[in-house]
Engineer: 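Attaching a single structure in structure tokens format; questions to follow.
Note on naming: letters A, B, ... go to the chains in the order of the sequence lines (proteins, then strands), and numbering restarts at 1 for each one.
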There are 4 protein chains.
Amino acid sequence: MSTAHTAQMKALRKMRPGPGAALDSVPIPAIGPSDVLVRVRTASICGTDLHIYQWNPWSASRIRPPMTFGHEFCGTVERLGSEVTGIASGDFVSAEMHVACGRCRQCRLGQSHVCQHLSILGIDQDGCFAEFIRIPAGNIWKIDPAIPEHYGAILDALGNAVHAVLSGEIAGQTVAVTGCGPIGLMSIAVAKACGASTIFALEVNAQRRAMALTMGAGEALDPAADDVVDRVQAATAGAGVDVLLEMSGSPQAIQMGLRLLRSGGRASLLGIPSEPVTLDLVGGVILKGATLQGIFGRRMFETWVQMTELLKARRLNLEPLFREHMPLDRFVEAFSLLQGGLAGKVLFYPNGSPR
Amino acid sequence: MSTAHTAQMKALRKMRPGPGAALDSVPIPAIGPSDVLVRVRTASICGTDLHIYQWNPWSASRIRPPMTFGHEFCGTVERLGSEVTGIASGDFVSAEMHVACGRCRQCRLGQSHVCQHLSILGIDQDGCFAEFIRIPAGNIWKIDPAIPEHYGAILDALGNAVHAVLSGEIAGQTVAVTGCGPIGLMSIAVAKACGASTIFALEVNAQRRAMALTMGAGEALDPAADDVVDRVQAATAGAGVDVLLEMSGSPQAIQMGLRLLRSGGRASLLGIPSEPVTLDLVGGVILKGATLQGIFGRRMFETWVQMTELLKARRLNLEPLFREHMPLDRFVEAFSLLQGGLAGKVLFYPNGSPR
Amino acid sequence: MSTAHTAQMKALRKMRPGPGAALDSVPIPAIGPSDVLVRVRTASICGTDLHIYQWNPWSASRIRPPMTFGHEFCGTVERLGSEVTGIASGDFVSAEMHVACGRCRQCRLGQSHVCQHLSILGIDQDGCFAEFIRIPAGNIWKIDPAIPEHYGAILDALGNAVHAVLSGEIAGQTVAVTGCGPIGLMSIAVAKACGASTIFALEVNAQRRAMALTMGAGEALDPAADDVVDRVQAATAGAGVDVLLEMSGSPQAIQMGLRLLRSGGRASLLGIPSEPVTLDLVGGVILKGATLQGIFGRRMFETWVQMTELLKARRLNLEPLFREHMPLDRFVEAFSLLQGGLAGKVLFYPNGSPR
Amino acid sequence: MSTAHTAQMKALRKMRPGPGAALDSVPIPAIGPSDVLVRVRTASICGTDLHIYQWNPWSASRIRPPMTFGHEFCGTVERLGSEVTGIASGDFVSAEMHVACGRCRQCRLGQSHVCQHLSILGIDQDGCFAEFIRIPAGNIWKIDPAIPEHYGAILDALGNAVHAVLSGEIAGQTVAVTGCGPIGLMSIAVAKACGASTIFALEVNAQRRAMALTMGAGEALDPAADDVVDRVQAATAGAGVDVLLEMSGSPQAIQMGLRLLRSGGRASLLGIPSEPVTLDLVGGVILKGATLQGIFGRRMFETWVQMTELLKARRLNLEPLFREHMPLDRFVEAFSLLQGGLAGKVLFYPNGSPR
């Protein structure tokens, strides 16, 4: 029987330290009394997966091969541990892949997204680029039937965007988004849906700037060519933007973003710089009375509730982001597309062919 | 010269205690060093004006005739006091009609909308149903050129709606609006523009329910006919709504609204009941851990900034609300229309004919 | 062996509908894989326990005899279910007695204190007036060694006070506390420790007014004799208090409390009225722009963290509240003292004699 | 007559670019219709005044000599402009020295402390090291009679501390204060009064560490000698502190402070680094989900209300900070003491001898 725990499954795995990955056959995960086994329908590739594939310095310091990666997915519940309640076999689900300890100070304060003992599925434990994945029951998120399947595969990334946008006021606010990869583009759509007024998208890649306008940006500027600070100041009566959503991780973008931010404004930083960043803390933060927020993961589970409501009510059109649908064995092509700067998401179908 | 302070102007005035009003000729207001004289282009009638016209008990206790009423308007700056800066003759403006003292505890805490010594233009002092109105300079609000003139005439009422909607989280929230007069209808549009998911409109008047759907409500229910609580519970997985916007002032609506509200939810109360209200505080508020907020006026001037941004970015389509455009001397007809339950706004043009 | 699950223990139980209770011998609770068995060292009597003992209308509608009541306690971990981690045998613990489902909208939004499927130990399930109690592991709270044992027995009630006081700003705020039973008195101590300026205690019982002054109130007023509104207005420059902490459940106190509250202020309602309450919503809430909050239980587990920190840092002197220490079999005397209006707490020692 | 506007007064002035200052005789300031003339009773020296005296690079770029400096003071109202209401001759007052425009986006949003067109008395306009000072009426703050005169002289600096401490939750929070100059020391007292639990003071100067303990710190650590990170981690169960109050402006202190901060914590930055700061944004902010806030000036006028309440209620004992009381002509000695690292405040008495 295909779901018996001694049975084998296909999985995309980092086999050893270094670039690349391989399709392998491994046992279907065993589950404990509080776990759920999910049959993966659709998985989506994150920028972090590309880093793992390429084996950048962060990956080399964190990933312990052999392991199955991937952390954006949806699927159906295959099997339930004996202690699990409120979830049924066949339920269509996704999951919060950040597993929190539940007992540290942050967990006790409702900040389990920054748990002291966080373990991430697809990074610290086996992930979703496989036919099946084991998920602790508390991390399962049932997907509302009104939400299309392909949206279910990108909730992890969309959740990053929703978390960033809704970490402060957004209605009636002017916004700058620095960096228009998938999360940056989604954050434009979310900000727009939540009442942001003018959204300035800052991005060096012309294709992504075009996408940004499609997603709802009012202006798409090229920091390499345009005088971005002048333009934003002119459009905001010299004040600067109320909100900065930093999605690039580029030190230059962070520095420019703080120049664009108005005094008293909010900067939500999600992009991960690869090195320490030198900031004009006096002019950019202190004298401005500005607020900088680190954004990591998704609020458990406020972000999931907000995201579900926005999707159910059809407030987010993310269709332009869905670019490629592939079986798992075309992974080399998938990563190569992303490496080339594809402005959108690639979806895997580990248990069968794409739609 | 028409603007000299000894010159006369036309004004719609409550001449004596009792129902009705009269067009009168009165001196153009003199202004002090910190005042601005505005030539009224467009004024709009509020429900409160109808109360004054009809001389309800509240009016009888508060209004001191003879006085010019009206408190929703826009116009152009005619003259400036010697101490006024930052405003120029000819500027197109509206005004916050609640004049705060600036020195009481609330004013010092950034809550001047509930100033201890509040005086309201059009209620405690002469208002805008006239060719000219005197406004303290600090209350003047310059209207962004991107905002259409007729929208400029209803900023006071729209501000009530924006204040109510944005007094707590709204993005990704389910909402019930009880009472679909103009402010209720505007609050539907505002909530929708700011990311609310499903909005339930509750209203006994069928025409207003139809308007509610036009403005963005997902469902329009008749509390007199439908089993509203059952319907809302069914649509919210038994939780109830996240947000109640109470716009009717009806004790029954308030009581039902609290039954619709989910535990941990927010009820923003703007409608003014005409009598004390008996509440199930235990089941409706305390055990629910609910929050009730009194909503009065507009935040000075956060609400004005938010409203301006939403209008500039064309996030609010309020066109269906604009129903009648009249010269000031057709006031009898105007009040009669509103008394009949007209679902929308009537605009006056004291200095000339409507468009 | 005394802790075997077939062994018997002593428990104070409501045996049948109606007033009174009885000491009974019942099996020591069996525990499931995610449960903890705690040997009760000290239990404290809550006003709710008195209601159950007296069999008031609320008890009659909610309690299903036979059952063991009591929900304030501390003790040592006796036994652990197989899935429990992070807790060890012998740990000195208390517990959050509100058991939340973890999956409803409120739980997902970090509001599990108002969970849709809340079950309360000592009310809906067996409680702590017994030698042992079964607690779901997630509800266990380890008591910091710096906190004295008798404080450990009242964390449930103290948590109510901390939840109420810290549900909004308190530093530099003027406060009125209506009702000076144990939670009211604790809330005075907490407010004082957290920077409240003047605290007005309103209470008809002279002994409790004296206690209020001991706990940190600046003035203790008798609503039956003093002109409370005049006095508070005079002391607050006519503004009223910034914060109302309503701890009495008396409709008159709620009504008077809203008259004392300044415009823009916050009223946190914890006392449970026994009937619907008629409010001047217009003057007391809406025109004031006031905020009313229902306070129920404790935030899970923010309140527990805050309370622990305040106790560890010795910011709360609650000694005057500890009035009587008794073995469980003196329960008749204990309830009789409370019925007589004792201003303080009675502690039980189910496993041995008091200190 | 001594207060006539043609009369002369004594003032401590920066006469020309470069180090030093001089006592000069200048005309008593003329006042406009919305101004107040205050006779200075007590003035206090700020670190910024020392920078101006020493003529550091910031001073050279900002100060336009000749000008009277000084911006911490109290005194009595001498004369009122014709439009001023709510203030009387003889009132004992201090003043918010940041003069906001009232019309920019920040001012309209209740953030006038970061007004786009801020002008600072004592920096951009003549200050308080003089017998008289002109203050715009809106900036006058009447001092409650319960507050001692010498406290009235340091409200500007105390307000910085109150603003920093109360810019987020503080009750039940663990706190690190980096830098124990006067504002750092005051912030310890304020945090303690507002319910902070353990406060760690980090300071290289031994005398200031001793002061920190006097003001309420639980531990005073020397970053040059102690292993601060280890010590704080050990004392906070490995979590780090909930709140960082950065008062030093030292890049090293900021970097270490972020290492001390727990995930999900808040860092309020008030100290002004003299150069750009290189930060580990990833580990220190982003992955931590931390919040960094720039703190500038005082909230107008929330901070003043909070500060007044804390002082009125005698919640702050700042006596150890008052170190020297001098006539204005001993200014050379005063600045020399501060230059030497005096841990406390020097007060001037421009209109007469100290107590």
Engineer: Which heavy atom of D:I140 sits nearest a heavy atom of B:R108, and at what distance?
Structural biologist: O-NH2, 3.0 Å
Engineer: Go through the atoms of B:E309 and report whether side chain, backbone, both or neither lie under 4.5 Å from a heavy atom of chain D.
Structural biologist: side chain
Engineer: Between B:L109, B:I87, B:T303, who has the most heavy-atom pairs with chain D when the cutoff is under 4.5 Å?
Structural biologist: B:L109
Engineer: Is the CZ atom of D:R62 crowded by more than 12 outside heavy atoms at less than 6.0 Å?
Structural biologist: yes
Engineer: Under 4.5 Å heavy-atom distance to chain B, tell me which part of D:E96 shows up: side chain, backbone, both or neither.
Structural biologist: neither
Engineer: Top residue by heavy-atom pair count (under 4.5 Å) with chain D, among B:C107, B:G32, B:G86, B:P33?
Structural biologist: B:P33
Engineer: Heavy-atom cut-off 4.5 Å, strictly under: side chain, backbone, both or neither for B:T85 against chain D?
Structural biologist: backbone
Engineer: Are there more than 12 heavy atoms of other residues, nucleotides or ligands under 6.0 Å from atom CD of D:E169?
Structural biologist: no
Engineer: Where does B:R103 contact chain D at under 4.5 Å (heavy atoms): side chain, backbone, both or neither?
Structural biologist: side chain
